[in-house]
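Chain naming here is simple, since letters A, B, ... match the order of the sequence lines and numbering starts at 1 in each.
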Amino acid sequence: MTYRDRLSGLNPRVLTRIDETQLEVDWIRSATAQQLLDLATDQLGLKPLTNVALPHQTALELGNLTRAELFNLLEPHFDSGTSTAKDLADQVQLCRAFANPRQVTREVANYVEAQVQKFPTKADHLRVGSNAGDVLDPFILAANFELLSEQSLQQTIEHTASHKVLMKIEDLVGHLHENVIGEMRGNFRVPEPQGKGGKEKMDPLFNPFPGADVGQVPLSEKQAALRLFQVKSKTGSAKGGDGKRLGDQLIALEESYFADTYYVAIVGNTLRGHRSRGAVAKASPRTAILVGSSALNELTQSAVGAELLLRVYQRAFRTASEETGYRFSELAVNMAADFEERANLHGTDFLSAWLHDAVDGPSEEQDSRRQSKKTRRHKLE
DNA sequence: CGCAATCGATTTGCGAATTC
DNA sequence: GAATTCGCAAATCGATTGCG
């Protein structure tokens, strides 16, 4: 019985993507180094290079070279004043990883741009977050003002804004990992659960792989086992009870699909201090728990996965910066002016002004006893 | 049906509890 | 006693729920 037989009955769109990614990885597994090189030169509109790849070298051998190694190989074939050798080295790695590099890089840039559009641009974006209750903490603002900002309103606002932006970027990067790794040859992004039933309940149509973010078709030496990954940015992400919950999900995936499961963190150079390793291992003993390069090697089936991600992301960030025109420091000046203006209006310093904005309100909106709706749940009982 | 509130997921940081 | 793990906090996002 092949891995594919065990998947029959799953959502047809998921199966289509799995079959597609199987073909994509089959190509690179069977291609020669020359074929990979030809693909890369063709995509850049360059003439084919005939005397770079060794006759019996495979595409994987060439594609798994580091960027520096590739560059050294290619550099003698181009004029030293141009960036062509570098571009081609990049393109070889991209073609090794993705079946459609151009589309992937464009989509990543689009995604980044969409998130940049949600970065703060006005003072009101700092005063309250996207959730109405997430009001900026005036006491932390005071600490920021005194301890970080030399009592400068301008600096205080810059620190506050950058904190907010970096929180958004954390979320952004986490999603990039899932989506970009899911696009690589042999991998597929596990679709978000659809419709009702919850995120944790397995359903062949609406939620076939609860607990996994990325799937991978089997290795050529172990054809029976689908590989399923729970991907985190760092080991600190899941804590306490999350580990047990994830472990329970992973072991359910192993049993349902005869799958090998992986609990991986992209960033991290040691398992020491892993917050949820224990809980996952206890609930799902056969799940491999990996961090850093060890994680990337499994996810990308290459030794240069981390390099590749950085390259794709940096390009996207630069493109997004140019295309959105988001200018952090200019916006911070405007936001600071707005805070100052509000303070002058109230005739006090801006910390006091914001303190009242952050805690004052009609008691009907602040006191559950005055909210006549329905009874609320309480933690203790 | 549309919008607001809520729920569950993610991140980091910190201190308490537990384990070796 | 040191190292590890657990649990809580604040912040964000997206999906679901529920109200008018």
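- Listed by residue number, A:Lys164, A:Met167, A:Lys168 are the residues of residues 148-170 of chain A with a heavy-atom contact under 4.0 Å to DNA chain C.
- Spacing between atom CZ of A:Phe119 and atom C1' of C:dT12 amounts to 12 Å, rounded to whole angstrom units.
- Of the two residues contacting DNA chain C, namely A:Val135 and A:His175, the nearest-nucleotide position lying further toward the 5' end is that of A:Val135.
- Between the CG atom of A:Leu246 and the P atom of C:dC6 there is a distance of 13 Å, given to the nearest Å.
- One can place CG of A:Asp171 at 15 Å from C1' of C:dA10, the figure rounded to the nearest angstrom.
- Considering A:Val214, A:Val25, A:Ile18 as possible partners of A:Asn187, the one that fulfils the side chain to side chain contact (heavy atoms under 4.5 Å, CB included) test is A:Val214.
- More than 12 heavy-atom neighbours from other residues, nucleotides or ligands sit within 6.0 angstrom of CG on A:Asp5.
- Mapping A:Ile140 and A:Gln115 onto DNA chain C by nearest heavy atom places A:Ile140 closer to the 5' end of the strand.
- Separating the CD atom of A:Gln117 from the P atom of C:dC13 is a distance of 14 Å, rounded to the nearest angstrom.
- Within the 6.0 Å centre-distance limit, the rings of A:Phe209 and A:Tyr257 are counted as a close aromatic pair.
- Nucleotide C:dA11 holds its P atom 13 Å from the CG atom of A:Leu126, rounded to whole Å.
- Distance NZ (A:Lys118) to P (C:dT12): 13 Å, rounded to an integer number of Å.
- In summary, A:Lys118 and A:Asp171 do not engage in a salt bridge, as defined by a charged side-chain N under 4.0 Å from a carboxylate O.
- A salt bridge links A:Asp90 with A:Arg67: at least one charged nitrogen is closer than 4.0 Å to a carboxylate oxygen.
- Rounded to whole Å, atom P of B:dT12 lies 13 Å from atom CD1 of A:Ile266.
- Ring centers of A:Phe145 and A:His159: at least 6.0 Å apart, outside the cut-off.
- Rounded to whole Å, the distance from CZ on A:Arg277 to C1' on C:dT5 is 12 Å.
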